[in-house]
Trainee: 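Got a structure for you, written out below as structure tokens; questions coming shortly.
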Protein chains: 2
Amino acid sequence: MTRRLRLGVCGLSRAFTLMLPTLAWHPRVELVACADPRPEARTRFQQDFPGSHAHADMAGLCADDRVEAIYVATPHQFHAADVIAASRAGKHSLVEKPMAITLADCAAMIEAADRAGVQLLIGHSHAQDGPVRLARRLIASGAHGRARMMTALAYTDFLYRPRRPEELDTARGGGVVFSQGAHQLDILRLLGGGLVRSIRAQCFGWDSARPTEGAYNAFLHFEDGATATLTYSGHGRYDSDELMGWIGELGQRRDPEAYGAARRALATVTDEEAAKARRAYGPETPPLAPPAPPAFHNQFGLVLVSCEGADLRLTPAGVMVHADDRRWLEPAPLPVVPRGEVLDEFCAAVLDGAAPTHSGAWGMATLEACLAVIESARTGREVTLRHQVPVID
Amino acid sequence: MTRRLRLGVCGLSRAFTLMLPTLAWHPRVELVACADPRPEARTRFQQDFPGSHAHADMAGLCADDRVEAIYVATPHQFHAADVIAASRAGKHSLVEKPMAITLADCAAMIEAADRAGVQLLIGHSHAQDGPVRLARRLIASGAHGRARMMTALAYTDFLYRPRRPEELDTARGGGVVFSQGAHQLDILRLLGGGLVRSIRAQCFGWDSARPTEGAYNAFLHFEDGATATLTYSGHGRYDSDELMGWIGELGQRRDPEAYGAARRALATVTDEEAAKARRAYGPETPPLAPPAPPAFHNQFGLVLVSCEGADLRLTPAGVMVHADDRRWLEPAPLPVVPRGEVLDEFCAAVLDGAAPTHSGAWGMATLEACLAVIESARTGREVTLRHQVPVID
């Protein structure tokens, strides 16, 4: 094991709280600084990470010599400027998905990182979950033939969690395609080898109070003839955790009887933006404590891959291989800390020089797929993709 | 209750044995005659139905004055000639799916029935299953808003049941699109209102010993903007009955541990055509006995319909309605005899004059959808449909 990566965090809101246990206990990372405009968040950060530096903005973080890499967890529309600033300061970037909301921004981010000779990695994506990576390894090994036909289905309450106005505005990166398609399309691109030729899709939103994409249906055609159908709804009704043994997205056990919790909670909220802000990092965040070792992997709904020689079904424990004569579970090793895989990949890139799978070019290709879903829904036509890249295994 | 319909059967093979309990015990049907080239099947028929007439061919059945309607259960490629012959003889037709394998044949069948003033109905289709019809009634009622986004997924061992050579030859109506798409597309056309605008699809077969479509992925766009994604595989590996509480297609309890049974059984077969013939009606058919009242409905895999106001999931018991604040099961009344719904619909059409849902025009529209799946897979392009008709509820 080499030295620990000295990481700064830009943006102490919801994405950061979800990654906090990972950042705090990953064995290869040391959280040394943060940037956030909210003083209460900075204060809390310095309590949780004694000796760390706290900056009011990205400029301060970029000028901080202790920081060698930055986890960019700001709202989508700031990703490009933040990554470009980090790169120009000579710092590596790990940026939350979606990488950005335009291809031009992605290209500028990639160029800035390339010019500076720093790493740019996109995550957390559920394509980094252990069972997805295991399925990719099984496919890449050729043991079961080529991946040919894939299906993914996820029904969540995404649209009914407290949201900032921009999260409900597609033009500003809101809606389920940018936020959740970035996971589901990323997973299928990874399993299918990366090179999507075209996408035909439809988007839906049937709640005028939340006027962005709440659901989508999509058909992906890969260069090698493989195809995938995707279904996602964030409308908080049917819950696809039912198909995953009531293990939730974060690998937690779900109560099958707790129906409609997100909608019920939101109905009691009078100031949604304030409610969202309360979920951000700050004085009300529970005390930092070592996370329990995960019992299950994160999961993102039903994922089935039919290869020429076997069907693979992803589970919260690994990959069920359905071959001709028998089926068996290929267990995926659990991460030491939840979602540790994203920092494994980032540290391997920065500290060990390993080419990352979730590179800037990869993230741009996944964003292109998200944009194609929205474009196909708008035009009613199939959209041809032009920025796809193969998986780097 | 009116009088019983005097029904003749043309073709005593596998489709007939699956429908036999329904035909024998449906309260509105009397089986009075059959036609089949196999003497042993005719002999068995007259043992099971004393006083019935047995004919060696369709001409004999058509000339039989006792017969007022004919159940056409011959191989696909004979459906058109058989229905046209029945119609010209003034007899109503219930024809197995797919209705035919060309649109021209469908049109000729419809014209022959119209000209003779007789009914033409397509079935059994799983779109006639109680939970599907209940879901359609819920949608048509408007109680949950319009159906917008649908998903269907079925993984079976269809391709590894004993087959005649033509069943493995797409040009002669073989493969899963003609035989199983005829169910799945029929279900989604019914739930979506019938009017499919276009289809984008891919087909697969990864067993060169069974050189026809073994699987497909499809995206359906309806005239009203609703869409559906479909996935089907008949490769005998993953089994989607896992998603249906291990209730099988016929509503029977499945053993979750009985993995790979179809492939294993087929591997022991040296003469597949003979094995298929043994599954046809004849001396080896178990004694006719009243069927146990069904405990569950037939089912055809995962079917999810997102309406504007609720998500509907079909189950072998009915329809689970997932609304904003709660979910509940709308139970579908079980048929008196298994698959009784198809004869309910046929008898209602012939004896009561009720316009059937599964009319000739409907069946032609479902065949058009099947052909579009194959065509889109061949060309890699979206196919526009021109023969769609709305649901007659």
Side-chain angles (χ1 to χ4, degrees), chain A residues 145-146 148-151 153 155 160 197-198 200-204 206-207 214-221 225-233 235-240 242-243 259-260 263-264 267 302 304 306-313 320-327 377 380-382, chain B residues 145-146 148-151 153 155 160 197-198 200-204 206-207 214-221 225-233 235-240 242-243 259-260 263-264 267 302 304 306-313 320-327 377 380-382:
Chain A
R146 294 179 300 166
R148 301 274 76 204
M149 183 176 82
M150 301 184 280
T151 302
L153 179 139
Y155 272 67
Y160 291 87
R197 175 185 293 173
S198 64
R200 182 68 172 85
Q202 180 72 304
C203 296
F204 302 94
W206 37 81
D207 182 346
Y216 60 84
N217 240 348
F219 178 91
L220 272 59
H221 192 157
T227 59
T229 54
L230 291 77
T231 305
Y232 185 92
S233 174
H235 281 95
R237 292 165 181 163
Y238 181 68
D239 187 335
S240 57
E242 173 179 275
L243 305 177
Y259 187 80
R263 280 177 175 265
R264 204 154 40 241
L302 181 70
L304 257 174
S306 289
C307 299
E308 291 162 316
D311 294 332
L312 311 179
R313 182 182 174 184
M320 280 294 294
V321 180
H322 298 255
D324 288 353
D325 52 346
R326 66 191 184 98
R327 72 187 156 202
R381 293 175 189 278
E382 194 159 346
Chain B
R146 292 179 301 167
R148 303 274 75 205
M149 184 175 82
M150 301 183 280
T151 302
L153 179 138
Y155 272 66
Y160 290 87
R197 176 185 292 173
S198 64
R200 183 68 172 85
Q202 180 73 306
C203 297
F204 302 94
W206 36 81
D207 182 346
Y216 62 83
N217 241 348
F219 178 90
L220 272 58
H221 192 156
T227 58
T229 53
L230 289 79
T231 305
Y232 186 92
S233 174
H235 282 93
R237 292 164 180 162
Y238 180 69
D239 187 334
S240 57
E242 174 179 274
L243 305 176
Y259 187 80
R263 278 177 178 267
R264 203 153 41 240
L302 182 69
L304 258 173
S306 288
C307 299
E308 291 163 316
D311 294 332
L312 311 180
R313 182 181 176 188
M320 279 294 292
V321 180
H322 298 254
D324 288 353
D325 53 346
R326 67 191 184 95
R327 72 186 154 199
R381 295 177 187 277
E382 194 160 345

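Below, read A as the first sequence line, B as the second, and so on, with proteins coming before strands; counting in each chain starts at 1. Values below: every heavy atom of this structure, side chains too, minus hydrogens, waters and symmetry copies. In this text the structure is predicted, and so the values were computed from the model without any measurement.
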Trainee: Go through the atoms of A:Arg264 and report whether side chain, backbone, both or neither lie under 4.5 Å from a heavy atom of chain B.
Mentor: side chain

Trainee: Anything under 30° is parallel, anything over 60° is perpendicular, the rest tilted; go ahead and classify B:His322 against A:Tyr259.
Mentor: tilted

Trainee: Heavy atoms only: give me the nearest B:Glu308-A:Trp206 pair and the separation to one decimal.
Mentor: O-CD1, 3.0 Å

Trainee: For a quick test of reading the model, state the closest non-hydrogen atom pair linking A:Phe219 to B:Asn217 and the distance between them.
Mentor: CE1-O, 3.6 Å

Trainee: Show your working on side-chain hydrogen bond (donor to acceptor under 3.5 Å, both in side chains) between B:Tyr238 and A:Ser306 and close with a plain yes or no.
Mentor: CA-CA 9 Å; B:Tyr238 180 69; A:Ser306 289; over 6 Å; no

Trainee: Side-chain contact test, heavy atoms from C-beta onward, threshold under 4.5 Å: evaluate it for B:Glu382 versus A:Arg200 and give yes or no.
Mentor: yes

Trainee: For residues B:Leu153 and A:Leu304, determine if any side-chain heavy atom of one lies less than 4.5 Å from a side-chain heavy atom of the other.
Mentor: yes

Trainee: If you count heavy-atom pairs under 4.5 Å with chain B, which of A:Ala228, A:Ala267, A:Ala226 comes out on top?
Mentor: A:Ala228

Trainee: Is there side-chain contact between A:Thr227 and B:Phe204, with heavy atoms separated by less than 4.5 Å?
Mentor: yes

Trainee: Which one wins on heavy-atom pair count under 4.5 Å against chain B: A:Ser198, A:Ala377, A:Gly309?
Mentor: A:Gly309

Trainee: Could you tell me which of A:Ser233, A:Ala215, A:Gly236, A:Ala323 has the largest number of non-hydrogen atom pairs under 4.5 Å with chain B?
Mentor: A:Ala323

Trainee: With rounding to the nearest 0.5 Å, note down the distance linking SG in A:Cys307 to NE2 in B:His235.
Mentor: 12.0 Å

Trainee: Most heavy-atom pairs under 4.5 angstrom with chain B, which of A:Gly380, A:Gly260, A:Gly145, A:Gly225?
Mentor: A:Gly225

Trainee: Less than 4.5 Å apart, side chain to side chain, heavy atoms only: is that true for B:Arg313 and A:Glu242?
Mentor: yes

Trainee: Kindly indicate whether the side chain of B:His221, heavy atoms from C-beta on, has any atom under 4.5 Å from the side chain of A:Gln202.
Mentor: yes

Trainee: Minimum heavy-atom separation for B:Thr229 and A:Leu230, please, with both atom names.
Mentor: CG2-O, 4.0 Å

Trainee: Tell me, side chain or backbone of A:Tyr155 under 4.5 Å from chain B's heavy atoms, or both, or neither?
Mentor: side chain

Trainee: Measure A:Met150 against the heavy atoms of chain B and call it side chain, backbone, both or neither at under 4.5 Å.
Mentor: backbone

Trainee: Please classify the contact of B:Ala218 with chain A as side chain, backbone, both or neither, using a heavy-atom distance under 4.5 Å.
Mentor: backbone

Trainee: Considering only heavy atoms, which portion of A:Arg148 lies under 4.5 Å from any heavy atom of chain B: side chain, backbone, both, or neither?
Mentor: both

Trainee: Start with the C-alpha distance between B:Thr231 and A:Thr151, add both sets of side-chain angles, then the distance that settles side-chain hydrogen bond (donor to acceptor under 3.5 Å, both in side chains), and finish with yes or no.
Mentor: CA-CA 7 Å; B:Thr231 305; A:Thr151 302; 2.8 Å; yes

Trainee: Would you mind telling me which of A:Leu243, A:Asp239, A:Asp324, A:Asp325 has the largest number of heavy-atom pairs within less than 4.5 Å of chain B?
Mentor: A:Asp324

Trainee: What part of A:Leu312 lies closer than 4.5 angstrom to a heavy atom of chain B: side chain, backbone, both or neither?
Mentor: neither

